[in-house]
Number of protein chains: 2
Amino acid sequence: MRETAEARLIESAQELLWERGYAATSPKAIQRRAGAGQGSMYHHFPGKADLALAAMRRSAGQLRESADEVLSGPGDPYQRLCAYLRCQRDVLRGCRIGRMTADPEVMASPALREPVAATFAWLQGRLAEVIAQARDAGTLAADLDPAATAATIAAVVQGGYVLARAAGSEEPFEQATAGALALLAAARPQEPE
Amino acid sequence: MRETAEARLIESAQELLWERGYAATSPKAIQRRAGAGQGSMYHHFPGKADLALAAMRRSAGQLRESADEVLSGPGDPYQRLCAYLRCQRDVLRGCRIGRMTADPEVMASPALREPVAATFAWLQGRLAEVIAQARDAGTLAADLDPAATAATIAAVVQGGYVLARAAGSEEPFEQATAGALALLAAARPQEPE
DNA sequence: GTCTATATTTTGATAGAC
DNA sequence: GTCTATCAAAATATAGAC
């Protein structure tokens, strides 16, 4: 095999954590998906928590990278904000990082929680920067608080996943983001005719 | 004891499902909290899934009742919408129903998913009604889609929980709801001076 | 580095006495 | 209705051969 067993273990853990969360993912299931035995896994990682941490850090990095691609991409700040809300997502699978907040074992472990906290702190900060730029450029109302609006946009996406998974349909997610875009459009200084 | 063992089992299951989700809640933990033995639980319920379903249905009913208290309460439709976003919540514990969407065993079981789907379908419908009333009363822009805006508001609350739990602080939730209120205010036909 | 065998604990449930 | 065994399977490792 081209990839090392260690890399395959991390990738398998990423997939299973996304699909089933931490508590419901057994070391055995990770090994099976990676095509590795017990001995291999415990040689590379002290235990399940350490492997999960490596997987979560990698997922967090990938999430951050793909979000920044849009938020630092082409277009003026307002357009990049809209692009973030509109960009393609695996809606029914939900957010690889956000779903960890519902896992009791992740929430109980400061080490496992850290990448989750750091990812959302970064996302809200980056969104707030783009919102402040849009406001300074006059494409968003001057009285909008960048930090609050950033939290709203991040929450719409995370909550959209919850509604979509509850319904078993992507529709609530599409509605939630479309509704947010309409509210943002209403908050532009010069309302379009 | 004043309460029956059956009622105490359901209440204990409600609490544990809220704290830890379904997969991570063992029958033994429910029994311990309810002060009931194995035999008692298996006498009243065929198994864990049936007890959890009773607990989820009860939580769903309570959630619906408290949401409707605000949405059908005093004030004009726009004020009731704001009241829904502002009302007191146990932010760091999150949503008893919404958190179930992250539980792999709940999502895999149509029976366990049903109350989750029904609760959010009801909430979005009820929010859309109030939004349509606000629009008809002229207190919200006529071009806002009630269903989309309802999904946005429900998503802000659900996503707010995710951000708050990730941060270990209520602040992101307060920011997300405050940001949503500011956007709604910007979508009023006559902007306030 | 990887394998197989074994150990310990927990889970979710059953059996049968009271 | 409730209790106390008891049980089979799984989770999470550890031990030691190769």
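Because the structure is a prediction, the values reported are computed rather than measured. Each chain gets a letter, A, B and so on, in the order its sequence line appears, and its residues count up from 1.
Heavy-atom neighbours of B:E171 CD from other residues, nucleotides or ligands within 6.0 Å: at or below the threshold of 12. Crowding of B:Q62 atom CD: a count of heavy atoms from other residues, nucleotides or ligands under 6.0 Å exceeding 12.
Between B:H44 and the phosphate of D:dT2, there is a side-chain N or O to OP1/OP2 separation shorter than 4.0 Å.
When each of B:Q14, B:E15, B:R96 is tested with B:S59 by the rule side chain to side chain donor-acceptor pair (under 3.5 Å), just one qualifies, namely B:Q14.
Listed in residue order, the members of residues 20-30 of chain A having a heavy atom less than 4.0 Å from DNA chain D are A:T25, A:S26, A:P27.
Proximity note for B:H43 (side chain, C-beta onward) versus C:dT4, D:dG1, C:dT2: the nearest is D:dG1. Set against D:dT12, C:dT14, C:dT2, the side chain of A:Y42 has D:dT12 as its closest nucleotide.
In this structure, A:Q38 places its CD atom 12 Å from P of C:dA5, rounding to the nearest Å. A:E6 has its CD atom 11 Å from the C1' atom of C:dG1, to the nearest Å. A:Q31 places its CD atom 14 Å from the C1' atom of C:dG1, with the value rounded to the nearest Å. Atom pair B:F45:CZ and D:dG1:C1' shows a separation of 13 Å (rounding to whole Å applied).
Comparing A:G39 and A:R32, the nucleotide of DNA chain D nearest to each residue sits closer to the 5' end for A:R32.
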Margin query: As a quick check of understanding, evaluate side chain to side chain donor-acceptor pair (under 3.5 Å) for A:R32 and A:S12, giving each step before the final call.
Written below: CA-CA 9 Å; A:R32 204 179 316 123; A:S12 300; over 6 Å; no
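A:V130 and A:P77 make their closest contact through CG1-O, 3.4 Å (heavy atoms, listed as atom of the first residue, atom of the second, distance).
At least one cation-pi condition fails for A:R99 and A:W18: the charged atom is not both under 6.0 angstrom from the six-membered ring centre and inside a 45 degree cone around its axis.
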